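One structure is given here, and the rest of the page talks about it.
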Amino acid sequence: MNIENKMTIEFESRSINESLARTVVAAFISPLDPTIEELSDIRTAVSEAVTNSIIHGYTDEIGIIKMECFIVGNELSVEISDLGSGIEDISRAMEPLYTSRPELERSGMGFTFMEVFMDNLEVVSVPGVGTNITMRKRVGSVKEMQEYTQEINHNVL
Amino acid sequence: MNIENKMTIEFESRSINESLARTVVAAFISPLDPTIEELSDIRTAVSEAVTNSIIHGYTDEIGIIKMECFIVGNELSVEISDLGSGIEDISRAMEPLYTSRPELERSGMGFTFMEVFMDNLEVVSVPGVGTNITMRKRVGSVKEMQEYTQEINHNVL
Amino acid sequence: MEETKYEIVRRVLIIRLQKDLDHHCAVNIREKADKIIDRYYIKHIIFDFSKAKFMDSAGIGVIMGRYKKIKYSGGKVVVSGLNKSIDRIFNISGLYKVIDKYDTADICLQKIESA
Amino acid sequence: MEETKYEIVRRVLIIRLQKDLDHHCAVNIREKADKIIDRYYIKHIIFDFSKAKFMDSAGIGVIMGRYKKIKYSGGKVVVSGLNKSIDRIFNISGLYKVIDKYDTADICLQKIESA
Ligand SMILES: Nc1ncnc2c1ncn2[C@@H]1O[C@H](COP(=O)(O)OP(=O)(O)O)[C@@H](O)[C@H]1O
Ligand SMILES: Nc1ncnc2c1ncn2[C@@H]1O[C@H](COP(=O)(O)OP(=O)(O)O)[C@@H](O)[C@H]1O
């Protein structure tokens with residue numbers, strides 16, 4: 001597989017755009033022929049990052065959220081950024097179950113899901129400036145692995 | 001209905017991104033609850049404009065196509081632009097069946113479809129600089145009309 | 001767009017989720033559900049996911065929030081119809097420690113009422 | 001992603017379109033179809049849209065292109081299974097002036113072979 005593609009979308013920090021972001025990333029990776037599980041992993045991780053920009057980054061104001069997607073070979077990389085409040089203490093923010101907004105029934109599982117569902121997660125944030133989340137995931141890798149395993153089995157038998 | 005929203009997407013002029021653009025605009029207008037026909041009209045018009053930027057605007061090179069979408073009330077406006085070759089003679093280009101690339105089996109119906117399927121079409125193009133297509137369409141208007149007609153009927157009876 | 005459906009059977013509230021349970025929908029569901037819970041003296045809640053395709057961590061908040069609201073009066077939250085992805089979210093987040101899952105909303109109702 | 005399917009019945013080529021017939025797919029279909037037409041002495045072509053959801057003006061090009069290719073040898077292009085949107089594209093573009101439409105690919109085949 002030798003696909004290359006890139007796109008950038010900017011949208012307002014309205015909760016209605018959470019599903020827009022998921023749909024866009026799903027459409028963007030469809031040439032990679034992802035499994036249902038990979039699609040769901042990526043949609044969830046993107047949903048978490050975008051929701052965070054809306055709730056935590058911009059709180060009550062409408063700001064612009066930017067999502068940049070790249071495909072190189074069979075790897076997707078997604079960068080989601082806001083020019084919102086930023087994060088004071090990134091390592092505390094990334095702890096499972098930590099949330100600064102329990103009154104909104106946030107579960108504190110957003111970063112955990114991004115980590116679990118993607119191969120790689122990087123968080124850059126400056127208080128008062130904004131937050132930038134970069135996530136990477138190889139897509140279609142499960143299928144490749146299966147083919148590889150089948151090959152090995154074949155070789156052994 | 002009092003919805004407001006906006007987004008901008010930029011993507012490479014690869015034919016695989018024609019379906020991406022259609023999916024994005026469809027997802028963006030879903031809060032307006034469009035009819036199947038309205039959805040199909042808008043998807044077609046967007047597909048024509050994006051394909052034109054790929055084939056005619058950038059020909060053999062990879063350039064960036066920008067699509068900006070706005071919802072104000074129940075009106076969608078979409079702006080699709082490229083920094084490609086531009087159009088020498090816009091009125092000739094907009095004639096039904098005119099195409100500069102018959103060798104690619106282009107039918108010359110792109111602009112006709114944009115005009116027929118949208119309420120409003122504006123073309124701005126400068127040779128050597130690029131092309132900007134703005135299309136507008138009221139979404140959900142058919143339903144409103146039906147309700148309105150029903151009301152009238154009701155009043156008459 | 002399909003709206004979440006609310007059904008009351010005796011003192012059980014069945015919430016039938018449609019399509020996506022994300023932060024956008026969570027805000028509405030939370031408000032609507034809490035009104036119904038207070039008004040109709042709801043004891044137990046069933047979240048039926050058979051028409052739902054997607055849930056993220058906002059869904060955990062909605063479910064845990066309702067769980068906390070009714071557990072003091074001995075109520076239960078049970079769920080049904082989860083697809084693979086949503087089931088995985090439940091597993092990872094540990095929701096199954098306090099919430100039981102059955103195949104259908106009907107079975108949930110039976111289990112609750114026979115308990 | 002589903003690929004377009006090509007089936008040859010006697011000297012009729014049935015092209016079963018999947019999902020979208022846009023410029024992206026048109027390029028592949030044109031190439032593949034023309035190879036098959038030349039190689040298997042295809043006389044007639046059926047475009048079956050029963051699995052297709054979308055077509056834009058690039059589809060007109062593909063269909064007219066194949067029509068021009070086979071009409072000199074007395075061949076016909078017929079289509080089946082169009083949804084409302086695609087039917088509208090056919091109407092507006094005037095394709096029905098030279099192309100007949102039937103409900104299914106099977107009926108197309110009967111009509112062609114009994115003509
Ligand atoms: N884009 C952001 N801008 C500002 N703060 C953020 C952002 N994303 C995350 N945070 C902070 O990190 C915390 C943990 O995030 P997360 O794990 O997603 O849990 P939750 O969203 O449920 O609170 C949030 O409660 C918030 O304080
Ligand atoms: N984005 C663009 N950049 C340059 N030329 C364009 C662009 N869009 C349209 N054109 C010109 O206008 C003509 C008519 O366009 P259209 O009606 O869509 O028909 P077709 O795409 O089938 O040629 C094209 O053949 C091309 O010469």
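Only a predicted model underlies this, so the values are computations on that prediction, with no experimental measurement involved. Letters A, B, ... are given to chains in the order of the sequence lines, protein chains preceding strands, and every chain is numbered from 1.
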Go through D:K84, D:R30, D:M55 and name the one with the most non-hydrogen pairs under 4.5 angstrom from chain B.
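Ranked by heavy-atom pairs under 4.5 Å with chain B, first place is D:R30.
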
What part of [X] gets closer than 4.5 Å to chain D, counting heavy atoms only: side chain, backbone, both or neither?
{"X": "B:L97", "value": "neither"}
{"X": "B:T51", "value": "side chain"}
{"X": "B:R22", "value": "side chain"}
{"X": "B:V50", "value": "neither"}

Within a reach of under 6.0 Å around [atom1] of [X], are more than 12 heavy atoms found that belong to other residues, nucleotides or ligands?
{"X": "B:E88", "atom1": "CD", "value": "no"}
{"X": "D:K51", "atom1": "NZ", "value": "no"}
{"X": "D:E31", "atom1": "CD", "value": "no"}
{"X": "B:N120", "atom1": "CG", "value": "yes"}
{"X": "B:K137", "atom1": "NZ", "value": "yes"}
{"X": "D:Y96", "atom1": "OH", "value": "yes"}
{"X": "D:K69", "atom1": "NZ", "value": "yes"}

If we define contacts as heavy-atom pairs under 4.5 Å, which of B:I55, B:T112, B:V116 has the most with chain D?
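Maximum pair count with chain D is reached by B:I55.
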
Between chain D and each of B:G110, B:G108, B:S47, count heavy-atom pairs under 4.5 Å; write down the option with the most.
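Most heavy-atom pairs within the cutoff with chain D belong to B:S47.
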
So which part of D:I86 gets closer than 4.5 Å to some heavy atom of chain B, the side chain, the backbone, both or neither?
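For D:I86, neither part sits under 4.5 Å from chain B.
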
Would you say that D:K53 contacts B:S40 through its side chain, given a criterion of any heavy-atom pair below 4.5 Å between the two side chains?
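No, too far: nothing below the 4.5 Å cut-off.
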
Quick one: which of B:E105, B:E18, B:E48, B:R106 gives a side-chain hydrogen bond (donor to acceptor under 3.5 Å, both in side chains) with D:H23?
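Going through B:E105, B:E18, B:E48, B:R106 one by one, the side-chain hydrogen bond (donor to acceptor under 3.5 Å, both in side chains) with D:H23 is satisfied by B:E18 alone.
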
Atom CG of B:D41 and atom OG of D:S85: how far apart are they, to the nearest 0.5 Å?
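Going from CG on B:D41 over to OG on D:S85, the span is 7.5 Å.
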
Any chance you could measure B:M109, atom CE, to D:I92, atom CD1, to the nearest 0.5 Å?
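The distance works out to 7.0 Å.
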
Minimum heavy-atom separation for B:S15 to D:H24, with atom names?
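That would be OG-ND1, 2.5 Å.
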
Would you check, one step at a time, whether the test side chain to side chain contact (heavy atoms under 4.5 Å, CB included) holds for B:F117 with D:D56?
CA-CA 11 Å; B:F117 292 138; D:D56 63 16; over 6 Å; no

As a quick check of understanding, evaluate side chain to side chain contact (heavy atoms under 4.5 Å, CB included) for D:D22 and B:R43, giving each step before the final call.
CA-CA 11 Å; D:D22 62 4; B:R43 281 163 51 89; over 6 Å; no

